[in-house]
A.B. asks: 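There's a structure below that I have some questions on.
Keep in mind the model is a prediction, meaning the values are calculated, not measured. Labels below follow one simple rule: chain letters A, B, ... track the order of the sequence lines, proteins then strands, and each chain is numbered from 1. For the numbers below, each heavy atom of this structure counts, side chains included, while hydrogens, waters and symmetry mates do not.
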Protein chains: 2
Amino acid sequence: MRDIRTVNENLADRDKKHLWHPLTQHKISPDMLPIKSAKGSILIDEEGKEYIDAISSWYTAVYGHCNSYITNRVAKQMQVLDQVVFSGFTHKPAIELSEALIKILPEGQQKLFFNDNGSTATEIGIKMALQYHHNLGNDRKVMLAFEEGFHGDTFGAMSVSGLSVYNGAFEDHFIRVERLPVPNGKNNEQVIAILKDLISKHSIAGFIYEPLVQGAAAMKFHDAQGLNEILKVCRQNDIILVADEVMTGFGKTGKYFASDHIEEKPDVICMSKALTAGLLPMGLTSCSQKIYDAFYSDDIAKGLFHGHTYTANPLACSAALAAVELLVSDEIQEKIQQICNANKKFVKMLRSNPKVGNARSKGVIMAFELDVKMERYGNLRNEIFKFFMDKGVFLRPLGNTIYIVPPYTISEEELQKVYAVIEDSLTVF
Amino acid sequence: MRDIRTVNENLADRDKKHLWHPLTQHKISPDMLPIKSAKGSILIDEEGKEYIDAISSWYTAVYGHCNSYITNRVAKQMQVLDQVVFSGFTHKPAIELSEALIKILPEGQQKLFFNDNGSTATEIGIKMALQYHHNLGNDRKVMLAFEEGFHGDTFGAMSVSGLSVYNGAFEDHFIRVERLPVPNGKNNEQVIAILKDLISKHSIAGFIYEPLVQGAAAMKFHDAQGLNEILKVCRQNDIILVADEVMTGFGKTGKYFASDHIEEKPDVICMSKALTAGLLPMGLTSCSQKIYDAFYSDDIAKGLFHGHTYTANPLACSAALAAVELLVSDEIQEKIQQICNANKKFVKMLRSNPKVGNARSKGVIMAFELDVKMERYGNLRNEIFKFFMDKGVFLRPLGNTIYIVPPYTISEEELQKVYAVIEDSLTVF
């Protein structure tokens, strides 16, 4: 189907003709870099240059790219059952995945509702919270969310995202949301006072939060004890707790889920990204029996009439099941601990550098602020990105925040190279 | 990871423990039927019973299940590049897919924005329409949509769906939408009058419509000439035309896209379902140069800051490219025409049956109403479903509408069996 002219052009030029990339103002963005292949922690471009994928391709490919333990399972599944309507039908890959997940999910999670990505996972979390109260006859129509939270780009998900930048065209259409400051250990009492005030003034149905780490806000950490107090007050007031673990889930914080660090457990958990190990898209929203029971009725209208066509796609389920098996293995758990320890050591070293602000780590996530003024999507940010890429490390600074979320399978040598290149950058910027 | 007890239970019982199915009120729904495998037009359950998949698993697996032409390509891609961030990076599967799609999309489509399912495809379509006007400084914040349209289940998509049943918990949160009756050939002038009145009263940014066939409304057809007149009036008033071809796209109506039947072409097209041939999830929103240009600016805030993690997943792109190659092949085009002709003949026969109302076909889509009173999700509907399944045909009546959207690769014998079972049903219900 290709003509000769097209074939002779390079990929970066061909890309420009018909592709509109996400989160990109094309007029002021550099060319897109064509990636040819990936294996383990390494991305390889068209010229053969290698880059360590120090953010696991947006926190997905945590068991390494093209991991044969996972791809073999998907290849087998493709020969057996590709897809079937998940309304009225079921299949083994979904059932086995549900059994495996329930064993590792935080206490109290009982039912799984499949979907396709992080945005739909949070939309369903929001819908569960709103309809839970609607079904019980409670007039509660307001969602509560953190300042600077990020939960996705569809209308419901955008609405609860305090961090939705450049969304001026859509803000008039957002659902009703009240915002809470993030607890930092010093302001905890004040945050609780604000929370109680909001509860007294608004009929709050649910609270959606990224537990412990706000990813898109530039890997901002908050106080676990402060979060726990917020969750307790919410629970006392029958506000549904919706934990958005799209970024934090599946080992990133050192435990299976970030909610495992916190005493008060969520009613609803939103998952995606590492769920399918960077192979193909899937989202999942789990919930407690209490939520499910509020929808379980002789009245059909009390059901959750949400459904995406590829819900519980068997290929995605088989990838996710293989991924859970890897996650719980001794080998991967040891690797996660090794990265945790290496991160802690590196953070300690960084703290003595005057150019570094707020060096921190939680599990495999390590982040700090470079002490320079810059815009989130500005030129200096692009220069730092280019500096890392030139040195063979793919890092994606968010404004002046430099962070890593490496694959759990990264080698000691590769991890040390990532640290070394970051140290280099501190001598340049 | 499994214990013995779990393994000894049957799949339908295991399914009940942790799975919450889409569009299902579990308390009054029959058990989910476990499907073990699928090949070509056939689904096979755990007992080995075979069912002809007469709706291509929700209009996705149109080249047959587990089609080796497609699965081989995905298996290869899995060995090379599974996933990479699509912001700042690109890859051959996305570029080649974009080139192949632009060749078959209706005239005027120029840029492709990837996403993960039909709901996100329409959310992006809505966002393109709203932000197009926002970027140009026009105060237009209302969407226009058909009565009984269906565009998905996320908040934006739900808002424009006239058919969103059982959404009482969410309606207060919907974006602003005005509704237009569907043109039926007799009411065309009246519809245009209503349209002009709406335009005079509201600042309408975009019109979202399922061209020619409203799928979820139970395969309702509308008048092509009437739609064309609506689109003309909208275009004269700079209302962005967003064609939701999630169901109709990729050959279902006998042409590549339903918009190919209509003179006035859309500005934006939403795609999913058959895009990836029933193998794995992906969505896509294409647009004209005019739309893209309104976002292309030195002002970063004029960009479309929407992005899903698995955007342009290389596996999904390689499946979609293989699917386009099949779609344009002589073999598949001939098969589509054969099904079109067989449907026409069957419809003619059905029209003489007094139990049949409004028998109709468009491409591979064939539908009619059974002349009985029933609810959309009621018991009689479940009985008809069971009747078909007992006879080895998977059909999914929508209320009293019985319809087929068979795989293009269905054999003549299989198609005749589907028709025969439908004829049988007319003697029973």
A.B. asks: Determine the option with the most heavy-atom pairs under 4.5 angstrom with chain A, choosing from B/Tyr292, B/Phe114, B/Tyr132.
C.D. replies: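 Option with the top pair count is B/Tyr292.
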A.B. asks: Which residue out of A/Gln109, A/Gln110, A/Gln77 racks up the most heavy-atom pairs below 4.5 Å with chain B?
C.D. replies: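 Maximum pair count with chain B is reached by A/Gln110.
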A.B. asks: Tell me, side chain or backbone of B/Met143 under 4.5 Å from chain A's heavy atoms, or both, or neither?
C.D. replies: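 Neither; nothing under 4.5 Å.
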A.B. asks: When rounded to the nearest 0.5 angstrom, what is the spacing between NZ in B/Lys273 and OG1 in A/Thr309?
C.D. replies: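 Taking NZ in B/Lys273 and OG1 in A/Thr309, the distance rounds to 2.5 Å.
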A.B. asks: Give a yes or no on whether the ring-centroid distance for B/His26 and A/Tyr296 is below 6.0 angstrom.
C.D. replies: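 Aromatic pair excluded; centres sit 6.0 Å or further apart.
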A.B. asks: With only heavy atoms counted, which part of B/Asp45 is less than 4.5 Å from chain A, the side chain, the backbone, both or neither?
C.D. replies: neither
A.B. asks: If I measure from the heavy atoms of chain B, does A/Ser68 come under 4.5 Å with its side chain, its backbone, both, or neither?
C.D. replies: neither
A.B. asks: Using only atom types and a distance under 3.5 Å, with no angle test, would you say the side chain of B/Asp15 pairs donor to acceptor with the backbone of A/His91?
C.D. replies: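 Flag not set: sc B/Asp15 to bb A/His91 has no pair under 3.5 Å.
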A.B. asks: Give, for atom CG of A/Asp172 and atom CZ of B/Arg176, the distance between the pair rounded to the nearest 0.5 Å.
C.D. replies: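 Reported to 0.5 Å precision, the distance equals 7.0 Å.
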A.B. asks: Between B/Phe394 and chain A, with a heavy-atom cut-off of 4.5 Å, which part of the residue counts as in contact: side chain, backbone, both or neither?
C.D. replies: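 For B/Phe394, side-chain heavy atoms alone lie under 4.5 Å from chain A.
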A.B. asks: For a quick test of reading the model, state the closest non-hydrogen atom pair linking B/Thr154 to A/His308 and the distance between them.
C.D. replies: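 Closest heavy-atom pair between B/Thr154 and A/His308: CG2-CE1, 4.4 Å.
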A.B. asks: Using a cut-off of under 4.5 Å for heavy-atom pairs, which of B/Ser29, B/Gly118, B/Gly278, B/Gly156 has the most such pairs with chain A?
C.D. replies: B/Gly278
A.B. asks: Within a strict 4.5 Å, meaning less than it, do heavy atoms of the A/Met158 and B/Lys127 side chains meet?
C.D. replies: yes
A.B. asks: Where does B/Ser297 contact chain A at under 4.5 Å (heavy atoms): side chain, backbone, both or neither?
C.D. replies: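 Looking at B/Ser297, backbone and side chain both touch chain A.
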A.B. asks: Shorter than 4.5 Å, heavy atoms on both sides: which option in A/Val85, A/Leu97, A/Asn313 has the most such pairs with chain B?
C.D. replies: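 Top count of heavy-atom pairs under 4.5 Å with chain B: A/Val85.
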A.B. asks: Can you tell me which portion of B/Lys36 sits under 4.5 Å from chain A's heavy atoms? Options are side chain, backbone, both or neither.
C.D. replies: backbone
A.B. asks: In Å and rounded to the nearest 0.5 Å, what is the CG to CG distance from B/Leu81 to A/Leu43?
C.D. replies: 7.5 Å
A.B. asks: List the atom of B/His65, the atom of A/Gln83, and the distance in Å for their closest heavy-atom pair.
C.D. replies: CE1-O, 3.0 Å
A.B. asks: Of the listed residues (A/Leu112, A/Thr90, A/Ile175), which shares the most heavy-atom pairs with chain B below a 4.5 Å separation?
C.D. replies: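 Heavy-atom pairs under 4.5 Å are most numerous for A/Thr90.
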A.B. asks: Is it the side chain or the backbone of B/Ala301 that comes within 4.5 Å of chain A heavy atoms, both, or neither?
C.D. replies: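 For B/Ala301, the contact with chain A is made by backbone and side chain together.
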A.B. asks: When only pairs under 4.5 Å are counted, which of A/Val74, A/Leu279, A/Ile44 shares the most heavy-atom pairs with chain B?
C.D. replies: A/Leu279
A.B. asks: What part of B/Leu11 gets within 4.5 angstrom of chain A, counting heavy atoms only: side chain, backbone, both, or neither?
C.D. replies: both
A.B. asks: Is chain B contacted by the side chain of A/Ala94, its backbone, both, or neither, given a heavy-atom distance below 4.5 Å?
C.D. replies: both
A.B. asks: How far does CD1 of A/Ile28 sit from CD1 of B/Ile300, to the nearest 0.5 angstrom?
C.D. replies: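 Those atoms lie 4.5 Å apart.
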A.B. asks: Given side-chain contact (heavy atoms from CB on, under 4.5 Å), test B/Met282 with A/Tyr310 step by step and report yes or no.
C.D. replies: CA-CA 9 Å; B/Met282 185 158 78; A/Tyr310 282 90; over 6 Å; no
A.B. asks: B/Asn135, B/Ile55, B/Thr276, B/Ile124: which one forms the most heavy-atom pairs within less than 4.5 Å of chain A?
C.D. replies: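 Top count of heavy-atom pairs under 4.5 Å with chain A: B/Thr276.
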A.B. asks: Evaluate the side-chain proximity of A/His173 to B/Leu130: yes if any heavy-atom separation is below 4.5 Å, no if none is.
C.D. replies: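 Touching, per the 4.5 Å side-chain cut-off.
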A.B. asks: Considering residues at least two apart in sequence or located in another chain, which fulfil the salt bridge (charged side-chain N to carboxylate O under 4.0 Å, His left out) criterion with A/Lys27?
C.D. replies: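 Result, salt bridge (charged side-chain N to carboxylate O under 4.0 Å, His left out) vs A/Lys27: B/Asp298.
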A.B. asks: Counting heavy-atom pairs closer than 4.5 Å to chain B, which one of A/Asn67, A/Ile102, A/Val84 comes out on top?
C.D. replies: A/Ile102
A.B. asks: Need one label for B/Ser56: side chain, backbone, both or neither, based on atoms under 4.5 Å from any heavy atom in chain A.
C.D. replies: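 For B/Ser56, neither part sits under 4.5 Å from chain A.
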A.B. asks: Could you tell me which residues satisfy salt bridge (charged side-chain N to carboxylate O under 4.0 Å, His left out) with B/Lys386, sequence neighbours excluded, listed by chain and number?
C.D. replies: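 B/Lys386 satisfies salt bridge (charged side-chain N to carboxylate O under 4.0 Å, His left out) with B/Asp390 only.
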A.B. asks: Heavy-atom distances under 4.5 Å only: say whether A/Lys76 touches chain B with side chain, backbone, both or neither.
C.D. replies: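 No part of A/Lys76 comes within 4.5 Å of chain B.
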A.B. asks: Go through A/Ser286, A/Ala277, A/Pro34 and name the one with the most non-hydrogen pairs under 4.5 angstrom from chain B.
C.D. replies: A/Pro34
A.B. asks: Quick check on B/Asp82 against chain A: is it the side chain, the backbone, both or neither that has a heavy atom closer than 4.5 Å?
C.D. replies: both
A.B. asks: Please report the interatomic distance CD(A/Gln25) to NZ(B/Lys302), rounded to the nearest 0.5 Å.
C.D. replies: 9.5 Å
A.B. asks: Which atoms of A/Phe170 are under 4.5 Å from chain B, going by heavy atoms: the side chain, the backbone, both sets, or neither?
C.D. replies: side chain
A.B. asks: Please say which of B/Asn117, B/Asp116, B/Asn115 ends up in a side chain to side chain donor-acceptor pair (under 3.5 Å) with A/Asn117.
C.D. replies: B/Asp116
A.B. asks: Quick one: what part of A/Leu280 sits under 4.5 Å from any heavy atom of chain B, side chain, backbone, both or neither?
C.D. replies: both
A.B. asks: Out of B/Gly168, B/Ala61, B/Pro30, which one racks up the most heavy-atom pairs below 4.5 Å with chain A?
C.D. replies: B/Gly168
A.B. asks: In terms of heavy-atom proximity below 4.5 Å to chain B, should A/Ala75 be classed as side chain, backbone, both, or neither?
C.D. replies: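 A/Ala75 touches chain B through backbone and side-chain heavy atoms alike.
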A.B. asks: With respect to chain A, which residue among B/Thr60, B/Thr311, B/Ile126, B/Thr120 yields the maximal number of heavy-atom pairs within a distance under 4.5 Å?
C.D. replies: B/Thr60
A.B. asks: Heavy-atom distance under 4.5 Å between the side chains of A/Leu101 and B/His18, does that happen here?
C.D. replies: no
A.B. asks: Indicate the atoms forming the closest heavy-atom contact of B/Ser98 with A/Leu19, along with that distance.
C.D. replies: CB-CD2, 3.7 Å
A.B. asks: Quick one: NE2 on A/His21 to NZ on B/Lys111, what's the gap to the nearest 0.5 Å?
C.D. replies: 9.0 Å
A.B. asks: For the residue pair B/Cys287 and A/Trp20, what are the closest heavy atoms and their distance?
C.D. replies: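 The pair with the smallest heavy-atom distance is SG-CZ3, 3.5 Å.
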A.B. asks: Heavy-atom pairs under 4.5 Å with chain A: which of B/Ser119, B/Ala12, B/Ala316, B/Pro281 has the most?
C.D. replies: B/Pro281
A.B. asks: With a 4.5 angstrom heavy-atom cut-off, could you sort out which part of A/Leu315 is near chain B: side chain, backbone, both or neither?
C.D. replies: side chain
A.B. asks: Should the pair A/Phe385 and B/Phe89 be assigned to parallel (<30°), tilted (30 to 60°) or perpendicular (>60°) ring geometry?
C.D. replies: perpendicular
A.B. asks: Where is the tightest heavy-atom contact between A/Gln79 and B/Thr71, given as atom of each residue plus distance?
C.D. replies: NE2-OG1, 4.1 Å
A.B. asks: Of the backbone (N, CA, C, O) and the side chain (C-beta and beyond), which part of A/Asp31 lies under 4.5 Å from a heavy atom of chain B, both, or neither?
C.D. replies: backbone
A.B. asks: Which heavy atom of A/Trp58 sits nearest a heavy atom of B/Ser87, and at what distance?
C.D. replies: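 Nearest heavy atoms, A/Trp58 then B/Ser87: CH2-CB, 3.9 Å.
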